[in-house]
Structures are given as C-alpha cells and as structure tokens.
Novice: 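Got a structure for you, questions after.
Just so you know, residue 1 is the first one in the sequence shown, and it goes up from there. Keep in mind that this is a model prediction, so the values were computed, not measured.
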Amino acid sequence: MSWYNKSVDECIKELGSDVKNGLSSKKAVELLEKNGRNELKQKNKKSLLSKIIDQFKDPMILILIGACIMSAIVGEITDAFIIIAIVIVNAILSLNQEGKAEKAIEALQKMASPMAKVYRDGKLIHIPSPELVVGDIVELETGDIIPADLRLIESFILKIDEASLTGESVPVEKFADKIYDGEIEIGDRENMAYSSTIVAYGRGMGIVISTGENTEIGKIATTLDSFEDEDTPLQKKLAGLSKSLGLITIGVCIVVFIVGLLYKQKFLLMLLTAISLAVAAVPEGLPAIVTIVLSLGMTKMVKKNAIVKKLLAVETLGTTTVICSDKTGTLTQNEMTVKKVFVNNLVYDVEGTGYEPVGDVLLDGVKVNAKEIEDFISISKISTLVNDAKLIKDENMYRIAGDPTEGALLTLSEKVAISKDDLNNKHKRIAEIPFDSTRKMMTTFNENIFSSNVISATKGAPDIVIDNCKYILINGKEEEFTLELKEKVLLQNSQFAKQALRVLAFAYRKFDSLPEEKTSENIEKDMVFVGLMGMIDPARPEAKEAIKECKKAGIIPIMITGDYLETAVAIAKDLGILDDNSKAIMGRELNKMTEEEICEVVKTTRVFARVSPENKVQIVSALKKNGHIAAMTGDGVNDAPAIKRADIGVSMGITGTDVAKNTSDVILTDDNFATIVSAVHEGRIIYSNIKKFVSFLLSCNVGEILIVLISILLNIPVPFVPIQLLWLNLVTDSFPALALGVEKGDEDIMEVPPRNPNEPILDKEMIYSIISQSLAITVATLGAYFYGMYHYPNHIEGARTVAFFTLITAELLRSYSVRSSRFTLFHIGVFSNKTLVYGTTLSFFMMLVVVYVPFLQPYFDTVSLGIKELAVAIPLAFLPFIVAEVSKVMRKK
C-alpha cells in the first residue's frame, strides 16, 4: 500500500511519530545518521586532469600528436613545435569555455527550500530542510516551499502549486482526510504534498514520508543517471572525418614513400617528404578553429540570454528538426489572466497578459471605457472583495502573493482603477465563509456597499452559483433570474469552457445587518447573479512569433504538458502549434501503446496532454528513433528526464528548477521560448561556417597532396620543400579559416528545411566542391611550376617560388569563393566579412615577407619574383576562384 491509501492515524502510527509533539531530537538525529540528509546527491565534478585528458581523446588530435612525434623523430623540430602548440591552444580554449559555463550555472542555482517549520520535542522550530527526517511533522502556510514528500494530516483551504512536478497550471486543492483505493496518478493525489512544490493558498500540516533521493523529485533525478551522455552530431561527423583523413594520410604517405624508393630516391629524404606530406594532408588547424568558432557562438548565445553548458551543443541546436516544449511557464506565462467578462448579457474581451494591470476592454472588437459600465464595475468590486490574494509591485514587475486565480481577478480590477486596499478600507470585511470543495463557493461579508449596510459577496463554480441565485443584475437593476436567463448564462459558461477558460461566477446578497447565522445554507441562496469571468494562463506573445519562425525553418514544434487536454489544445491553437484536434492526445493513451505504436503516433501528433515524466521520455525517444534531432525545453522537475534524453536539452533560468538546469545543455536566462529559436538560428550559422572552413581546408590540402604526389609520379623535383609546406599551411589554414568561422550566414538560412541529421559533414555538394577546387588548384600550381622550371632552367628555387606564390594566392582567393555555396561573392559583398579581409591581407603579407626579404630567402628556399613571373602567377591563381563562382551560377540556373 502507498501512503495515499492509508489514513492519517495509520501513517502516524507506522512512522512512530506524534501529531502534537513530533519526533524527539534524539530520534531525529538517529534517523538523520541512518537515512542521510534530505537533499539530492550532487554529481562529482570532473578533476582538471580528467578534463585535460578528455581534450586529447579526439581522433584528429591523436593524428596530430602522431604527426608531431614523427616530425620530431626526423628532426623537423619546428613542425613538431607548431603542431603541439596548436593542440595545446585548442585544449586551453575548450577548457576555458566549459569553465565559464560552469560558473554561470553555479551562479544561477538556488536552494529549493532553505528552512522548514517542524515540531520537535513538542515545540515548533525552524530547521534547515536538509535536516528533515521521515516522521517529522511539518507545518505549512501560504508561500512555503514543501521541503520533503508529505502525507497531509491537516488541511485548511489548502492549495498547492504543483506545476514544477506535474505541469498542472492551476494550484491543486488538498484534503488531508481523503483516502484512496488502488493506484492513483501523482497529479490526482489530493492527500499528498511533494518536495519543491509551493503552497499557493491556505495552510496545513503533513508528516514526512520520504526525503532526499526517495522523494518523487529524487526518483526523477536518479533516473537521469540512467541516460548516458551521447556524442553530438558534430562530434560523430568530425570523428568520422578524422578517421577518414587518417586512413587517407597513411595511404598517401605509404604510396609516396614506396614510389620514391622505386625511383631510387634517398631513404631519409623520402621519409621526410612522406611525413611533410602527412602534415600537409591533415588540416591541423581544424580542431582549433572548430573550438574557436563554437566558443564565439557560445559568447553570442550569452548575449542573447542563453548559457550553453557544452561547447558542441551550440552546433547541435542548428541541426534541430523538432522542438518539444512544456506548456506551463515555457510557452505560457504561468500567470492566470482574465480574458472574458460576461455581464448584462454581453461578453467583453480583456486585453493584456500576466499580472501587470495594463490592457483595454473591448466589446465586439471595439474599445470601451469599462470604468463607466456599471455592471462591469460591480463584478470587479465583488471579485476584489471576495479575494485573499495580494497584487505586489516590485520595481517594474508585478507578482501575486496567494492564489493565481485570485491574482487574475485583482489584476482585472486594477485595469478599471479598483484597488483592493482602497475597496477594503471603504467596505471593511467583517466575516467570511471559507471556500470548500463540497459547495465550491467562497463568501465574504462587507460593510456599506451597493446601497446596503452589509452584503455577502460570493464567487464559485458557475453552475452552483447560478443555481443559488434568484435575481440577476442587468443595467444596475436587480431583475428576476428567469429560467430562460439562467439557460442563457449556462450556455455562455459552456462556451467559455470550450475555449479552455477557467470560469468563475459572482453574486451578492444584501442584508440590513450581519446575520447571526453565517452558514452556507442560510447565506448562499436567493442571491443576485452579477456575471462570469473566464481566465487562462496565456501564451507568451513572443512564443507565437517564435513558433512561426520554427515552421518557416522546417522545424516541428510540439507541446508536451501535464495540463488538461482542453487547455493544452486552446493554447496550442492560439500559438499556431495545432490546426486539427485529431493531432492532440492524452498521456494515458500512450501507456497502452507499444514503442512502435508511439513511434507512429509522434509522426503526426502535435499536442500531448496530461502526460507523466515517463511519457515525456517516451515521446522524445520515439522522435529520435524516427530520425529527428530533438530539442526539449522545460522548467520543472517533471521535464528533467525528457530534457536529459533529448539531443539538446533546454531549461529556463528564472523559473526553472535546479534539477532541470543541471540536466540541460542550454539554460535560457530570460525564460523566453523565442530565445531557443534565435539559438537554433545561431547553431545553423555555426554549422554552415564549420562546413565552409572544412571545405576550404580540405580543398586546399587535397590540392597540396595532388601537387606533391603528381610531381613524384612524374619523377620531377617536389615543388615544395618541407618548410614551405609548413609555412603554406600556417598562412592559409589559420587566419582565413578562422575568419570564415564568423560569417553571418546566408540571408535565407532560416527559410530552408533542416538538413538530414544523418547526412555526413562531407555531402555530395561539398565533395564536388572539394574535388573541383583541389583539381583547379593543382592545375594552376603545377602550371606555374612548369612555367618556373622553363623560366629558371638551372634554378629550382625560382620555380618553387613561382609555385609557392601561386598556391598561396589561389588558396586565399578560395577563402572568398567558399563564403557561400549558393550566392556569388558579388551578391554577398566582397568586403562584407571584414575579418576575412584583414585575415587574408595578413596572410598575403606573410607570404610576401618570405619571398622578398633577402635574409629569409635562404631559410625558405625562395627568390624575389619580377613582373614577368607575377604576370603568369596571378592569373593562374585566379583560376580556382573563377571555377567556383561560375559553378554557383550554373547550379542556380
């Protein structure tokens, strides 16, 4: 049996406690030592050494380290030094960014429940919540955070906000005396209170039945550990690319070495050439540039209110094909708002959202002055009198102390210039009949209002209030509430309910003096019906625009919520997520399905309502099985398992629970769903830029390999000496490649569908580009080399210098043509990437230095080139650029 199946007396007896006195201090200490503290275990942080080792596990890094060792063995110390320097810089950058993210996350973390009110040794004391033990008697009142899982033993108009655990947008009423038969869903256990949920209204008392990892939150946190961290798509693709490059490199080195020996070249010379070629073949700048570009993206994200915890998660955002989002507090504001008012047989629309008292009142779409509408003012006054919440302004922010539903009523009153404090001062509350779930009404007694010494103001469930009314207020006059009028009001209530509005009815009754017998049976009858108010937790305005952006980008938005189906459907339709009710489903239906059936359901369903944390994981898992890259956004503990399971987990920084934040890859510091869309935009740009410099580096490096390989096969002197190869790589692989990483992206990048998540980083278009460009570079450079050999028949240094100049210039021009695979350079602007302009200018200058500075020429085996040589080299260098630009035009046609 579960605790909700047992009576209060059974629970207290079984746990060895006492309602009045609680536990003894001695027993509490013993239980604390036995069962541990009431807190979730923190994951052990990785040591600095572990983090450093992780940086060197990448296959490409291992290849570079191998090349470094080989270079050192054959005496190329300069090569070895530069390669290892690049590896170290890459590791430092990555560690630095991850460290910054960790600090930002630590700054966001808050303790969920710092103190608890507990009975110990017969006294009510305050203790830190981690010191709570099973059997403790805890006192609860409005505003308290539940410190552990409790079986309620006393409740007085108690309502608890369980949104963080169940996704329920409205506080749940609790009843200590309820006992259930059989298994009950967590959201329906009205005699229980769960850790980290909040008392929204009333007061109560409970006995601790579980602490720490045994609480419902603790169980969810424990399940998170069962999900292993998966490599991101970029990690997988770069690892595959690294392996391919490694195999190609080894193959080319072996071919060059064997062919050289067959041509009776010196053993040591061929070994050195093979290693130099291996260094040229591996784009040693790639890992560093990927890290730097992701780091820059990470910094941009922070400025746009998103903290990215893992460097590679920045790119993963760009691959997203589906965004699953929790409703309450993520797509909605988690602030109840009155949207409809029915008085005098008319329906008024109320603009504005949240608790800020700003918004017009409309009738048939036309703005009206509600302050001059007598019946509108009457219902506003009654809703304010029969109200225990407080509307509080902190600087420029409004918040509610108390029940969110009552807060919505106060906000409406403020919109028509009715202040609760002023109203209560003028019309003092002298008695009340509290709300209870049996009669579903609440009544207060106030003095001197509505031309009466005393009135009873009542709010409650529409059908019950209407049934207890004898009169109706129309144009300020009390008229008989006929059966026809009642049916009209009930029809309006039904229409509000179909719009997923939470509806309350309001009424009053006049008295000459305060009645002696203040019972519901005596007071809440023969009342004057005033009207209805319909409210909802409204959608975030920016979320609506963000969802439009998602759809335009080919990303599927899906709502996953613990709230009721009608409410979820209404919000989803308002946001543009849902266009057909058949695409919405209840969580309990998923419980009857197999994995294969769920995989089919998620293909078309866009709203999942009344779901459990387990259902959320099932949905995300099914989407991933269907080949989607799934992002999951949420703020509650109930969202954490799905956040962990998703390819990219996103949590809210302000309203998000610590469990959600610790689990996610990205934290939105402004709790704005729209931020996730701008993050996806940034991720797409980053991936696009990574592809650009991968294409740039490979086309250049493959060209270098072909040049050396062809020259060896033709049995002519190699066009470059090892130091030239190294300088060439340093000049072309660093600054231009890095500058490509800060491209702004194509203007229509958010108007194209997401790429196939399974496509390799080297797709068909990219392979074509690399082949055509590497061939063009090879033709241009060998053409320049042959011209140099003809022009300098007895001077190989001159021929090598012409080839050296041509190759570097061609590769620098290649960096401009690779900026877009679809738009020509003249369309995007030659100088629109200033970083590239500066980078290529610096690289070109570095090449000129080793060609024209006399004291450097012996080290780099170069000679000064004249006008004749340049007149041949420069046009040849433009050949690859022209090929690339013409290809874009042809493909577009």
Side-chain angles (χ1 to χ4, degrees), residues 2-4 6-40 110-162 165 171-179 189-218 388 390 401-403 432 434 436 658:
S2 299
W3 295 104
Y4 54 81
K6 301 174 184 179
S7 68
V8 171
D9 290 339
E10 285 177 311
C11 294
I12 292 169
K13 185 178 179 181
E14 191 171 327
L15 294 170
S17 191
D18 183 276
V19 175
K20 292 182 180 178
N21 299 315
L23 297 174
S24 67
S25 299
K26 184 181 177 183
K27 186 173 181 180
V29 170
E30 289 173 0
L31 287 170
L32 190 64
E33 289 177 358
K34 179 183 175 184
N35 300 322
R37 290 168 66 80
N38 175 37
E39 56 190 4
L40 302 180
K110 303 186 288 280
M111 288 193 70
S113 177
M115 300 297 286
K117 296 185 286 289
V118 181
Y119 284 93
R120 292 265 178 92
D121 301 317
K123 295 178 182 177
L124 183 64
I125 60 172
H126 289 68
I127 65 169
S129 62
E131 294 179 14
L132 276 179
V133 295
V134 172
D136 265 326
I137 304 296
V138 179
E139 191 171 274
L140 304 171
E141 57 186 28
T142 302
D144 284 351
I145 298 174
I146 309 294
D149 284 2
L150 311 175
R151 168 62 166 93
L152 294 171
I153 57 178
E154 182 182 291
S155 58
F156 182 74
I157 324 174
L158 182 64
K159 295 182 183 180
I160 296 178
D161 181 355
E162 296 184 336
L165 185 65
V172 179
E173 193 169 0
K174 297 292 183 176
F175 305 96
D177 55 357
K178 278 207 173 182
I179 304 171
R189 299 171 192 169
E190 294 178 348
N191 58 6
M192 301 288 293
Y194 293 103
S195 177
S196 289
T197 59
I198 302 168
V199 179
Y201 190 80
R203 59 184 177 82
M205 195 180 290
I207 183 168
V208 177
I209 51 101
S210 54
T211 60
E213 293 186 350
N214 295 319
T215 61
E216 290 299 325
I217 279 182
D388 290 325
K390 289 182 181 178
D403 188 294
E432 66 181 280
D436 72 55
D658 287 344

Novice: Would you find a donor on one side and an acceptor on the other, under 3.5 Å apart, between the side chain of T215 and the backbone of S195?
Specialist: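 Absent.
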
Novice: Find the distance between CD (E213) and CZ (R37) and round it off to the nearest 0.5 Å.
Specialist: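 Those atoms lie 13.5 Å apart.
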
Novice: Taking the side chain as everything from C-beta on, heavy atoms only, tell me whether N35 gets closer than 4.5 Å to V133.
Specialist: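 A side-chain contact under 4.5 Å is absent here.
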
Novice: Given side-chain contact (heavy atoms from CB on, under 4.5 Å), test E162 with K174 step by step and report yes or no.
Specialist: CA-CA 11 Å; E162 296 184 336; K174 297 292 183 176; 2.7 Å; yes

Novice: With salt bridge (charged side-chain N to carboxylate O under 4.0 Å, His left out) as the rule and sequence neighbours excluded, what pairs involving residues 148-159 come up?
Specialist: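 Listed by first then second residue: E154-R203, K159-D403.
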
Novice: Just one of D136, V208, I207 clears the side-chain contact (heavy atoms from CB on, under 4.5 Å) bar with L23, so which one?
Specialist: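 Of the listed options, the one satisfying the test is D136.
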
Novice: For the atom pair CE (M205) and CG (L140), what is the distance rounded to the nearest 0.5 Å?
Specialist: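 Reported value, rounded in 0.5 Å steps: 8.5 Å.
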
Novice: Starting at OG1 of T211, measure out to CG of N38 and round the result to the nearest 0.5 Å.
Specialist: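 T211 atom OG1 to N38 atom CG measures 5.0 Å (nearest 0.5 Å).
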
Novice: Flag the pair W3 / R189 as yes when at least one side-chain heavy-atom distance between them is below 4.5 Å, and no otherwise.
Specialist: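 The answer is no; the side chains never approach within 4.5 Å.
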
Novice: Side chains of E139 and Y119: is there a donor and an acceptor less than 3.5 Å apart?
Specialist: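 Yes, a side-chain donor-acceptor pair sits under 3.5 Å.
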
Novice: For the backbone of E141 and the side chain of D144, can you confirm whether one donor and one acceptor N or O come within less than 3.5 Å of each other?
Specialist: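 The answer is yes, because a donor-acceptor pair under 3.5 Å joins these two groups.
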
Novice: Indicate yes or no for a side-chain donor-acceptor contact from E10 to the backbone of S7 under 3.5 Å, with no hydrogens or angles considered.
Specialist: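 Judged by distance alone, yes, a pair lies under 3.5 Å.
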
Novice: Which heavy atom in A176 sits nearest to a heavy atom in S155, and how many Å separate them?
Specialist: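 Closest approach of A176 to S155, heavy atoms only: N-OG, 3.0 Å.
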
Novice: With a 4.5 Å limit on heavy-atom distance, are the side chains of I127 and V118 in contact?
Specialist: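 Counting from C-beta outward, I127 and V118 do come under 4.5 Å.
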
Novice: Looking at every non-hydrogen atom in both residues, tell me the closest pair between G22 and I137 and how far apart they are.
Specialist: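 Scanning both residues, the minimum pair turns out to be CA-CG1, 3.8 Å.
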
Novice: Just to verify, what does K13 make a salt bridge (Lys or Arg N to Asp or Glu O under 4.0 Å) with, not counting sequence neighbours?
Specialist: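 K13 satisfies salt bridge (Lys or Arg N to Asp or Glu O under 4.0 Å) with no residue once adjacent residues are dropped.
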
Novice: Between L132 and A148, which heavy-atom pair has the shortest distance, and what is it?
Specialist: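 Looking at all heavy atoms of both residues, the closest pair is CD1-CB, 4.1 Å.
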
Novice: Run D177 and V8 through side-chain contact (heavy atoms from CB on, under 4.5 Å) and show every step you take.
Specialist: CA-CA 7 Å; D177 55 357; V8 171; over 6 Å; no

Novice: Could you please spell out the steps behind the side-chain contact (heavy atoms from CB on, under 4.5 Å) verdict for Y4 and I209?
Specialist: CA-CA 11 Å; Y4 54 81; I209 51 101; over 6 Å; no

Novice: Quick one: does any side-chain atom of S24 pair with a main-chain N or O of K27 as donor and acceptor, under 3.5 Å?
Specialist: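 Checked: pair present.
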
Novice: Using the test side-chain hydrogen bond (donor to acceptor under 3.5 Å, both in side chains), find all partners of D121 that sit at least two apart in sequence or belong to another chain.
Specialist: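 Counting only residues at least two positions away or on another chain, D121 forms a side-chain hydrogen bond (donor to acceptor under 3.5 Å, both in side chains) with S25.
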
Novice: What distance separates L158 CG from E190 CD, expressed to the nearest 0.5 Å?
Specialist: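 Between L158 CG and E190 CD, I get 11.0 Å after rounding to 0.5 Å.
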
Novice: Could you grab the distance from atom CD1 of I146 to atom OG1 of T197, nearest 0.5 Å is fine?
Specialist: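 Rounded to the nearest 0.5 Å, the CD1-OG1 separation comes to 4.5 Å.
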
Novice: For the side chain of N191 and the backbone of F175, is there at least one donor-acceptor N/O pair under 3.5 Å apart?
Specialist: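 Absent.
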
Novice: With side-chain contact (heavy atoms from CB on, under 4.5 Å) as the test, would you mind laying out the steps for L152 and M192 before giving the verdict?
Specialist: CA-CA 6 Å; L152 294 171; M192 301 288 293; 6.0 Å; no

